[in-house]
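A short write-up of the structure that comes next.
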Amino acid sequence: MDERGSISLLGVGILAVIGMAAVLLGDLGAEAVRRARATAVADVVAMAAAVDPLTASKVAAANRATLVSSLKEGFQTEVVVRRDGTTATARAEFRPLGWWRCQSLPTSDPVHFGACPLTPVG
């Protein structure tokens, strides 16, 4: 039995497996990059929305993303952003200057800063 050329077939098979693995790793790497970019944009949009909710969609559009949702509760803001088919969520907190003055902390300090608003400012 003549086995010449069988090593060529084995070599082609090994190269095919290596090629498929390279393509798979390339796809996984590209997905990781898309996810990281979407997360970074979500962070920026969350910070913008925490300060001024009306600018959040403009910041998302400037970063080639879409603002899916934005929820502001008290000082905290949570946004969901979609970029390149990937969805990312981020949270930011914005506390205006003097927010701590309305904290109800037990203290013997006679200084009184006035009534606290029922909902946080911001």
Side-chain angles (χ1 to χ4, degrees):
M1 193 179 231
D2 189 14
E3 294 184 11
R4 286 191 308 164
S6 63
I7 195 72
S8 297
L9 291 176
L10 181 62
V12 168
I14 289 173
L15 286 176
V17 169
I18 290 172
M20 287 189 299
V23 169
L24 178 64
L25 288 175
D27 288 344
L28 290 175
E31 179 61 30
V33 168
R34 281 193 295 274
R35 192 176 310 125
R37 287 180 179 164
T39 301
V41 170
D43 288 339
V44 171
V45 171
M47 288 186 277
V51 176
D52 183 12
L54 299 177
T55 63
S57 61
K58 292 178 186 177
V59 171
N63 287 285
R64 295 182 296 161
T66 304
L67 180 63
V68 176
S69 69
S70 177
L71 176 64
K72 185 169 181 114
E73 291 183 2
F75 295 124
Q76 296 185 357
T77 303
E78 180 175 304
V79 297
V80 177
V81 173
R82 178 173 288 281
R83 184 176 195 269
D84 294 335
T86 303
T87 303
T89 303
R91 291 187 186 126
E93 186 172 313
F94 175 69
R95 294 180 184 249
L97 292 175
W99 69 269
W100 50 270
R101 292 182 182 165
C102 289
Q103 298 288 320
S104 299
L105 300 175
T107 180
S108 60
D109 190 4
V111 177
H112 179 66
F113 293 102
C116 294
L118 295 177
T119 58
V121 178

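- Hydrophobic clustering, with ILVMFWY side chains joined whenever heavy atoms are under 4.5 angstrom apart, keeps L15 apart from L24.
- V44 belongs to a hydrophobic cluster whose other members, connected by ILVMFWY side-chain contacts under 4.5 Å either directly or through intermediates, are V41, V45, V59, L67, V79, V81.
- Within the model, atoms CD of E78 and CG of L71 stand 6.5 Å from one another, a figure rounded to the nearest 0.5 Å.
- Listed by first then second residue, pairs satisfying salt bridge (Lys or Arg N to Asp or Glu O under 4.0 Å) with a partner in residues 13-39 read E31-R34, E31-R35, not counting sequence neighbours.
- Applying side chain to side chain contact (heavy atoms under 4.5 Å, CB included) to T77 and the options M47, R91, E93, K72 leaves one that passes, K72.
- Rounding to the nearest 0.5 Å gives a distance of 11.5 Å between CD1 of I14 and CG of L9.
- The hydrophobic cluster containing V68 also includes V80, under a criterion of side-chain heavy atoms closer than 4.5 Å among ILVMFWY residues, counted directly or through chains of members.
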